[in-house]
2 protein chains.
Amino acid sequence: MFEAKFQSFDVEDIPRAQIAARVAALRAELSRRGLDGFVVPRADRQQDEYLPPSEERLKWLTGFSGSAGVAVVLTERAALFVDGRYTLQARDQVDTALFSIEHLIDSPPHVWLEGNLKPGAKLGYDSWLHTVGGAEKLAKACAAAGAELEPAEPNPIDAIWTDRPLPPLGPVVPHDLRFAGESAASKLARMQAEIAKAKADALVVSDAQAVAWAFNIRGADVAHTPLPLAFAIVPREGRPSLYVDGRKLGNAARPALQEYLDVRDEAALAEDLAALGAAHKKVRLDEATAADALANIVTESGGKILRGADPIALMKAVKNAVEIDGARAAHRRDGAAMARFLAWLDREAPGGKLTEIDAVAALETFRRETGVLKDVSFPTIAGAGPNGAIVHYRVTRSSNRRIAPGELFLVDSGAQYEDGTTDITRTIAVGTPTPEMREHFTRVLKGHIALASAVFPDGTTGAQLDSFARQYLWAAGLDFDHGTGHGVGSYLSVHEGPARISKLGTTALKRGMILSNEPGYYKPGAYGIRVENLVLVVEAPAPTSAEKPLNAFETLTLAPIDVRLIEPRLLTAEEVAWVDAYHARVAETLGPLVNADTRAWVDGATGALRAPKL
Amino acid sequence: MFEAKFQSFDVEDIPRAQIAARVAALRAELSRRGLDGFVVPRADRQQDEYLPPSEERLKWLTGFSGSAGVAVVLTERAALFVDGRYTLQARDQVDTALFSIEHLIDSPPHVWLEGNLKPGAKLGYDSWLHTVGGAEKLAKACAAAGAELEPAEPNPIDAIWTDRPLPPLGPVVPHDLRFAGESAASKLARMQAEIAKAKADALVVSDAQAVAWAFNIRGADVAHTPLPLAFAIVPREGRPSLYVDGRKLGNAARPALQEYLDVRDEAALAEDLAALGAAHKKVRLDEATAADALANIVTESGGKILRGADPIALMKAVKNAVEIDGARAAHRRDGAAMARFLAWLDREAPGGKLTEIDAVAALETFRRETGVLKDVSFPTIAGAGPNGAIVHYRVTRSSNRRIAPGELFLVDSGAQYEDGTTDITRTIAVGTPTPEMREHFTRVLKGHIALASAVFPDGTTGAQLDSFARQYLWAAGLDFDHGTGHGVGSYLSVHEGPARISKLGTTALKRGMILSNEPGYYKPGAYGIRVENLVLVVEAPAPTSAEKPLNAFETLTLAPIDVRLIEPRLLTAEEVAWVDAYHARVAETLGPLVNADTRAWVDGATGALRAPKL
């Protein structure tokens, strides 16, 4: 069978006795330092989505392996805060005699702390692992309880975690202009114009994605995203500084970088910030993503922090013509691999022998066989039957389920290619779907089409479009409990800010942005449905009466949507035309890129709706 | 002809020499007090929408009579800040040699102050006329400029405005239980539960609308809204205090009130707040609406302010069964008056002799002739041709325009009845409309219908629904530059928070809320279109598959929509059915309430779309 190389299905279970010993050791260490508690977020210094093993302090201390959470260890009690999707997993992985499991949203740490900190207590935190905004919330909670928040450096966990892995040393490589589409010099000029506009003397680039974009480099320090863990300082004029472990720089990257920036050791970051502070400079940083430590160094040495959204985030989100062409190419290639996978699945699944892991491995293999796959853009979500209803499901050897006839199979996956990052979800009927499954799938699809076909004036935000994708579910008393779309990077993070399509999406959608369009419906214990394509914001043809510049979405993702799950009687003529036009494009584009067997399957899967064979 | 009694068409022009003398007198007064500037908002102590004459300081000082604005007078320069709708009017009314006209949104006072205040300057403000949040913004701007913000009491303008009118003494009357639907005692229990939940010792009720609702009273201190200007303090337990000029209380109101509250003189408000402060109490107030002075008195005397949205606003917004029945009755009555007006207009307007003022007077007269009209709920907007494109147009003797054949006529009006407040806009074709007018009207109507027919789960906000009303305009490159809907009070303010249907509407819509549904389109210099009905949030019938409680809108407003402006080919079958069902309901409901002539007109105006006569 096939093999997955970029994704593991094993979960490391840490024995409870070991966890108890670690918590005891932490308490002893805190006591030595005169602290009454410590906060342990799942975070690294750059708030990365995927952490290097050296930063997995929360997992090491609690056993909890989810992708979001924070623990607070006080002298007499400790709590682990996780959101709704991880409540069950946390109870399973964590010794609840040691940690109470709290709801991250309903009973967040700052509220819990107000009730549990004693007056006069000193709560430690690692100011490198909390954002400026996050640290402020903690400080407020401490003040409300009559306690104090204190930086604890070095991190007390590092003092007791004796076999802590070394930080990663992934090589930094140039991101070629034929993929990046804009020289670092040109980007630097644009950044410096933004810095001048903000009346700042310098910008701290604290987000690794922003560093990668700004200097046209990519790295290999974390899973699934080609990030170099590195910081930068960009002055209003002159050469920026890149703070990175020099061992990561190869023979190609270093000279190219040194043409226009100074490569500095990581340790020099604090020094240089302090120097800016001492010179009373105004330093801009994003309080939502920058480590509290960065701001503290500047202010404590006499400088001023100007808070504001990272200007690079918006520049990076708007793809240039080369990146857009790259995205289109990546989606053709990825669509061919998806078509091969869907054809294979249609052949094999009805036999009832395939498992979720088989499917993940096959899909990754087909993508690898393109010859240019760098990584999957996130661990594939492959949920058969009831597992499909778990929105952030990750198959493990113990959860692995056979894909049984009569069930729905949801596959959400993506690829990292140098020319573009992909993210696609298809829901497949194995055997004969029930009328209910078809009705629900069709309502999800109608929402997907409504968003894909939306025309909207310049300046419209994702929040203004989100409901278009929900309206047909609402009419049936249904909904889905996640946003409709997120931004996607260009050979960068598959989850990229600042734009998104959700209630909270207050950033205006600009031409060149790439976002996902992924409404869904989840029936707990039964099945999950999601239809996800990536879309590009483009100029819409303006009617003669138009008074405003108009935008629309071009769908980038190319792969058949399972017509066996569509109930055409629920579609309007326009919706049928949308499906048919999309499928015609899929067949025309992918046909020449796949072998004869797959091509025959694609042709069958993309026939016009309401055609006699349906 | 007819006469308007609740609305004037005269604009008082203050001679420029007088304005110059007033500004000079203010500067002299500021200098006497050691102040370098003073801020003059268009506001009273309760942030009311309509001001009593005694509070019209901005108009007195600048000559500007618009409904929103703020002036800043410094030693050497002065500025008047108004929003986009008032830029032209301000240039017309105000001596620009004395005041530069600034854009309230693009260049707001706090930004202007940062650039214009000198270091060390002292800027005065009347802390009764600025909200807590507003004063904070001013203080921040002063700090950024190295200046200081200082309370200036009594208001320096009052010291020089020698013929300032006395504050109003409108009688306070009980709002009968047959209209209010809930006793003041029951409301008090609910308020006190909210105060306990917020862990406060007392609530400052700073909004006159909230005072009126809480104690089932109405007043007559301002135009168009039956408000008593009065404050209240509600303790967590025990009797509330109402702060009101005792002369306003008649023989019916005083004893009823004194059964469960203490009537206190207005001057006692500061005393009582200071006493709460001295007792170290926690006092809840809404920083968005409460005067800065209120918060200052509490904190300066040792108390603590708990900030948070006024809990009364949400209670008041959710109408009870009696208020809902009242609203339905008010809308039947108002619909009959509107039908009489529309029939009259259809008879008279084609002759080309009617003016906007004639129409306003006729409509008010027909409403008055119901015998129960208390006031119009706002000055009627009656815009013929290009005047219809001015969103907040108010006809004056000098702007008054003849309603000419071939033009559109937009009428936005409302009534105050004891059982309910109405607000309705109709756009009428006088003579034959152009195909463009019909297309634009139909796109507005499609948006109106989309919102009116929306079905949405409990918890959905107005922001999530707003785009439904815009989508068909967007598709044509058009839009409208105002929210789609606002909350409406029950014999209270026609603009009532906290819910609204707009990008900024983050309050969840609850069953019992009444909002407007009023998309529009405005072609500057040509015509304006708006279709406005009030809608009530009601439970929607739940389909069998429903997993969530569902809500929908019931349209309350009953008056024909001009079918001569509808292009049926642009409507779907469902939209045609909506119009026909609405018109059938209008005809059936209003028919028995109007005379034979009007009834014949209503029957003609509400015939089914696509019927042969179209």
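Order of the sequence lines sets the chain letters (A, B, ...), proteins ahead of strands, with each chain counted from 1.
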When rounded to the nearest 0.5 Å, the distance separating CD1 of Ile501(A) from OG of Ser516(A) is 7.0 Å
For the side-chain contact (heavy atoms from CB on, under 4.5 Å) test, which of Thr461(B), Leu515(B), Asp458(B) pairs with Leu509(B)? Leu515(B)
For chain B, find which of Ala463(A), Ala475(A), Pro549(A), Ala454(A) contributes the most heavy-atom pairs closer than 4.5 angstrom. Ala475(A)
Looking only at Gly477(A), Ser467(A), Ala546(A), the option with the highest number of non-hydrogen pairs under 4.5 Å against chain B is Gly477(A)
Lys/Arg N to Asp/Glu carboxylate O, Lys140(A) vs Glu136(A), below 4.0 Å: no
Non-hydrogen atoms of chain A under 4.5 Å away: do they reach the side chain of [X], the backbone, both or neither?
X         : result
Ala476(B) : both
Tyr521(B) : side chain
Lys548(B) : both
Thr460(B) : side chain

How are the rings of Trp474(A) and Phe468(B) set to each other: parallel, tilted or perpendicular (split at 30° and 60°)? perpendicular
Tell me if the aromatic rings of His482(A) and Tyr522(A) count as close, with their centers under 6.0 Å from one another. yes
